[in-house]
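Letters go in sequence order (proteins before strands), and every chain restarts at 1.
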Amino acid sequence: MKEDGGASAVYSMGVAERLTGLTARQIRYWEKHGLLAPDRTKGRQRLYAEADITKMKEIKRLLADGMTMDRVKAHFANREARRIRPVEERPNRMSERIPRVGSLYGGANRAELERLINRKGGK
DNA sequence: CTTCTCACA
DNA sequence: TGTGAGCA
């Protein structure tokens with residue numbers, strides 16, 4: 001099972017146009033310049049995922065803000081490289097850290113914890 | 001719907 | 001950066 005909840009929908013070029021407010025020509029233009037890489041049907045028809053639609057809207061915004069395509073491309077390249085995910089998906093909530101501190105505090109590492117606390121004279 | 005191309009802002 | 005038009 002993949003992640004579902006109706007999130008695996010794909011859209012045709014025509015639908016993508018309507019959903020993004022872009023022209024088909026513009027979408028192909030961006031793809032030609034490396035900004036998009038949609039899946040294809042066996043008949044070479046483009047299939048856009050929800051993420052592609054979102055990306056198009058973001059590209060649209062960035063370009064409207066004065067970005068060049070090279071910069072927009074670099075923007076997304078960095079996102080991939082640094083694996084930046086939405087904050088909500090990051091496993092860095094305190095609730096996942098506190099338990100570690102708790103076990104350290106009351107477990108066999110109590111002495112280690114006190115050593116860490118007491119070194120440097122406690123500030 | 002797809003590809004390409006030439007031309008024009 | 002993006003379009004219009006014509007073709008296959």
Side-chain angles (χ1 to χ4, degrees):
Chain A
M1 296 155 229
K2 292 252 176 194
E3 69 287 340
D4 248 301
S8 54
V10 288
Y11 309 93
S12 66
M13 176 57 94
V15 175
E17 282 187 282
R18 194 174 55 70
L19 256 32
T20 61
L22 299 166
T23 65
R25 224 164 182 281
Q26 199 172 10
I27 294 172
R28 293 194 200 101
Y29 182 74
W30 290 354
E31 180 182 339
K32 180 183 177 183
H33 288 262
L35 262 42
L36 299 166
D39 276 352
R40 301 293 190 115
T41 62
K42 291 183 179 180
R44 304 212 14 103
Q45 232 93 326
R46 291 172 174 78
L47 291 177
Y48 297 103
E50 199 66 52
D52 294 317
I53 303 298
T54 300
K55 189 171 181 177
M56 285 183 230
K57 290 180 180 174
E58 198 172 344
I59 294 172
K60 184 183 181 182
R61 223 207 70 233
L62 293 172
L63 290 176
D65 282 349
M67 297 267 137
T68 61
M69 283 212 288
D70 274 5
R71 283 195 171 207
V72 174
K73 192 174 180 179
H75 170 81
F76 285 102
N78 282 330
R79 298 211 126 195
E80 301 304 313
R82 298 168 69 187
R83 296 200 303 281
I84 296 179
R85 278 174 286 169
V87 196
E88 311 77 54
E89 294 178 20
R90 295 181 205 164
N92 64 346
R93 295 164 306 167
M94 285 304 283
S95 61
E96 289 183 85
R97 296 186 173 186
I98 292 173
R100 286 177 53 208
V101 176
S103 62
L104 187 62
Y105 200 97
N109 288 321
R110 174 59 183 270
E112 170 67 359
L113 177 59
E114 289 187 12
R115 187 184 69 74
L116 290 172
I117 292 174
N118 295 327
R119 71 177 185 181
K120 286 195 173 179
K123 194 174 185 248

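- In this structure, Ser12(A) reaches neither bases nor backbone, as no heavy-atom distance under 4.0 Å exists between it and the strands shown.
- Under the 3.5 Å distance criterion, the side-chain polar atoms of Glu31(A) are left unmatched by any main-chain donor or acceptor of Ala37(A).
- Tyr29(A) places its OH atom 15 Å from the C1' atom of dT5(B), with the value rounded to the nearest Å.
- Base-pair partner of dC1(B): not found among the strands shown (Watson-Crick or G-U wobble, both distances under 3.5 Å).
- Neither Leu36(A) nor Val10(A) shares a network with the other; the hydrophobic side chains, linked directly or stepwise wherever heavy atoms of I, L, V, M, F, W or Y lie under 4.5 Å apart, form separate groups for each.
- Here Arg46(A) does not reach the OP1 or OP2 of dC1(B): none of its side-chain N or O atoms lies under 4.0 Å away.
- Side-chain nitrogen and oxygen atoms of Arg40(A) include at least one within less than 4.0 Å of the OP1 or OP2 phosphate oxygen of dT3(B).
- Across all strands shown, dC7(C) forms no Watson-Crick or G-U wobble pair with both key distances under 3.5 Å.
- Between Pro38(A) and Leu47(A), the closest heavy-atom pair is CB-O, 3.7 Å.
- Side chain of Asp52(A) to backbone of Ala49(A): a donor-acceptor contact under 3.5 angstrom is found.
- For Lys57(A) (side chain) and Gly21(A) (main-chain N/O), no donor-acceptor pair under 3.5 Å exists by modelled atom type.
- Trp30(A) has its side chain within reach of Leu22(A): a pair of non-hydrogen atoms, C-beta onward, lies under 4.5 Å apart.
- Between Lys32(A) and Tyr48(A), the residue anchored closer to the 5' end of DNA chain B is Tyr48(A), taking for each the nucleotide with the nearest heavy atom.
- Within the nucleic acid shown, Gly14(A) comes within 4.0 Å of sugar-phosphate atoms alone, with no base atom in reach, counting heavy atoms only.
- The interatomic distance linking Arg25(A) (CZ) with dT3(B) (P) rounds to 12 Å, in whole Å.
- In the 5' to 3' direction, nucleotides of DNA chain C lying under 4.0 Å from heavy atoms of chain A begin and end at dT1(C) to dA5(C).
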